[in-house]
Student: 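First the structure, which I've put down as structure tokens, then a few questions once you've had a look.
Per chain, numbering begins at 1; letters A, B, ... match sequence-line order. Values reported hereafter were calculated over all heavy atoms of this structure, with side chains retained and with hydrogens, waters and symmetry mates removed.
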2 protein chains.
Amino acid sequence: MLSYLFTDLSSDRLEDMNASRTARERARSELTQEIKEAARRQLSVSGAQALSLRAVARELGMVSSALYRYFASRDELLTALIIDAYEALAAEIEAADRAALSADFRGRWEAACRATRAWATAHPHEYALLYGSPVPGYHAPETTIASGSRVPIALMTIVRDAHEAGALTLRDEEPLPPTLTDQAVRITEFLGSDIPNDVVIRSVTAWTQLFGMITFELFGQYANSLDPADTFFDYSVDRMADLIGLPETDQVE
Amino acid sequence: MLSYLFTDLSSDRLEDMNASRTARERARSELTQEIKEAARRQLSVSGAQALSLRAVARELGMVSSALYRYFASRDELLTALIIDAYEALAAEIEAADRAALSADFRGRWEAACRATRAWATAHPHEYALLYGSPVPGYHAPETTIASGSRVPIALMTIVRDAHEAGALTLRDEEPLPPTLTDQAVRITEFLGSDIPNDVVIRSVTAWTQLFGMITFELFGQYANSLDPADTFFDYSVDRMADLIGLPETDQVE
DNA sequence: CAAATACGAGAGCACTGCTCTTGCTTTGTC
DNA sequence: GACAAAGCAAGAGCAGTGCTCTCGTATTTG
């Protein structure tokens, strides 16, 4: 008994803050996690549209109304899944980036893009949840856009590193329209760097291209044309690296 | 009475083939149209997710089961709306293209892209239906992918015209990977032209960029960064024109 | 005119998200 | 240690959904 108490206390100390305290709170956070897992499982087979609170409750052997103690609505559950998915994707991208040679900026860009695509094809329904049509009246709360921005930040970090290493291909600085300059400055400030404005904007263009490409592939727009899209993907990723001005890999090795 | 009969017959002759024949068939095609209109109306305010057969039936003063004489399922209704939307978007793009100077290929490209964005922002829910996440178990029937391809074809036509006019900026032909060459050849054959393979692929890249950009804007990924995305849009459209090799506008006027 | 066909209405099934009430258990506080 | 407060699961119920089936009526076809 006493030993149980002690181990409980010590393990509480070791675990996250939210897992400490009373048994009820522990049970609550555990069940919250189980609900999300069941929902994620259901999501990954049938899609967000078919995600049913009642089915989740059934799978956990509880009644549907009990679920509302943990998530106030279906939307709130979806929001939780969205945040988790954003974090998972961002983590994947960051890991792929870290695994590449830190001075091979084009290689890092390619690795990050490939990781994005790999995650998307492995979790199509979760990808659709993040980058597909927003659900009916659903408007993303602040919390999701915060974790959502981790993905573009991960990509922009590579550009920033390349610029700070003086590796970016310089080009004749065509001046940007004022509005665009302002927006570029705001993004640069946010990143805490001094990337040239047009490079920032071009990077955003590359970002939209990347996700446009993956979205089209996953949502079936390539039917009968680019059906295995692997080579096209790599090709486009390289064109976007050109657009940003990332140096060729062979000239840095 | 008799005059009514006569005018009916004559108007039948004047109208489309499907509107001729018996009164029942006329009523049927009219009601089919009315159902689609009501559904479209409902779609444009609440989104596809919220489109309800029963609500459509209610709006038309009929009972829900009667609707099933016209559309076998909700999915079939959605499919009809998708086809109509693809056609509407393609028509808009083609019109914008025609309205531009036929020899100003970059101008035509910009006009087509802007028309796409304009249609998307004017009909966000229909855009989401076309380019957002596919609905639950829904897998696009052949008919929709056929009308869906009218959009990229409209864009590729501009590139084809530019190439046939010898206006495309030539570049050092880096050879494409074999798979990509095959796919490019297939697309070129489909278009009935001899656009260089890498130009075809770059055009596809530009196509994905365009829709990636619009999707991100409409689905709220720009929150707090590029919020009014107008200038960014124009900028990126120009970068894609560069990528394809479309000549600067001022050098053709 | 008669048979075949198309049609609208209604009832009904299985399902959904969500609310509210009812008992029970775990908490924190005198 | 007793007790009120808060947290919890269960059940019933509401309003809504897509979809099916039956039934009487209207229209078209032979």
Student: Using side-chain contact (heavy atoms from CB on, under 4.5 Å) as the criterion, list what pairs up with Thr157(A), not counting sequence neighbours.
Tutor: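 Expected list: Ile153(A), Arg160(A), Asp161(A).
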Student: Under 4.0 Å between any heavy atoms, over every strand shown, what does Leu77(B) touch: base, sugar-phosphate, or nothing? Just pick one.
Tutor: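 Result for Leu77(B) = nothing.
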Student: List the residues meeting side-chain contact (heavy atoms from CB on, under 4.5 Å) with Ala39(A), not counting sequence neighbours, and say none if there are none.
Tutor: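 Partners of Ala39(A) by the side-chain contact (heavy atoms from CB on, under 4.5 Å) criterion, ordered by chain and then number, come out as Leu51(A), Val56(A), Leu77(A), Leu81(A).
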Student: How long is the straight-line distance from OH of Tyr235(A) back to CG of Leu226(A), given to the nearest 0.5 Å?
Tutor: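 One finds 12.0 Å between CG of Leu226(A) and OH of Tyr235(A).
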Student: Nearest whole Å is fine: how far is dG11(D) P from Met62(A) CE?
Tutor: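 Answer to the nearest Å: 12 Å.
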Student: Applying side-chain contact (heavy atoms from CB on, under 4.5 Å), can you list everything that pairs with Ala115(A), at least two apart in sequence or on another chain?
Tutor: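 Only Ala96(A) meet the side-chain contact (heavy atoms from CB on, under 4.5 Å) criterion with Ala115(A).
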Student: Provide, to the nearest angstrom, the distance between the CD atom belonging to Glu30(A) and the C1' atom belonging to dC8(D).
Tutor: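 Distance check: Glu30(A) CD to dC8(D) C1' gives 16 Å.
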Student: side-chain contact (heavy atoms from CB on, under 4.5 Å) with Ser236(A): which residues, sequence neighbours excluded?
Tutor: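 Applying side-chain contact (heavy atoms from CB on, under 4.5 Å) to Ser236(A) gives Gln209(A), Met213(A), Phe232(A), Thr205(B).
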Student: Describe the nucleic acid contact of Leu67(B) in one word from base, sugar-phosphate, nothing, applying a heavy-atom distance below 4.0 Å.
Tutor: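 No contact at all - Leu67(B) keeps every heavy atom at 4.0 Å or more from the nucleic acid.
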Student: With heavy atoms of chain A within less than 4.0 Å as the criterion, where does contact along DNA chain C begin and end?
Tutor: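 Contact span on the strand: dT16(C) to dG28(C).
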Student: Quick test of your reading: applying salt bridge (Lys or Arg N to Asp or Glu O under 4.0 Å), list the pairs with at least one residue in residues 109-133 of chain A, sequence neighbours left out, ordered by first then second residue.
Tutor: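 Pairs touching residues 109-133 of chain A that pass the test: Arg114(A)-Asp234(A), Arg117(A)-Glu217(A), Arg117(A)-Asp230(A).
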Student: What pairs with Arg186(A) under salt bridge (charged side-chain N to carboxylate O under 4.0 Å, His left out), at least two apart in sequence or on another chain?
Tutor: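 So Arg186(A) forms no salt bridge (charged side-chain N to carboxylate O under 4.0 Å, His left out) with any residue.
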Student: When all nucleic acid strands are considered with a 4.0 Å heavy-atom cut-off, which category describes Leu51(B): base, sugar-phosphate, or nothing?
Tutor: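 The answer is sugar-phosphate, as Leu51(B) gets under 4.0 Å only of primed atoms, P, OP1 or OP2.
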Student: Does Tyr70(A) have a side-chain nitrogen or oxygen under 4.0 Å from the phosphate oxygens OP1 or OP2 of dA9(D)?
Tutor: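 Looking at the OP1 and OP2 atoms of dA9(D), one of them is under 4.0 Å from a side-chain N or O of Tyr70(A).
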Student: If the sugar-phosphate is the primed atoms plus P, OP1 and OP2 and the base is the rest, what is the B/S/- string for nucleotides 19-30 of chain D, using protein heavy atoms under 4.0 Å?
Tutor: BBB----BBSS-
Student: Name every donor-acceptor pair, under 3.5 Å, that has one atom in a side chain of residues 61-71 of chain B and the other anywhere in the protein, sequence neighbours excluded.
Tutor:
none

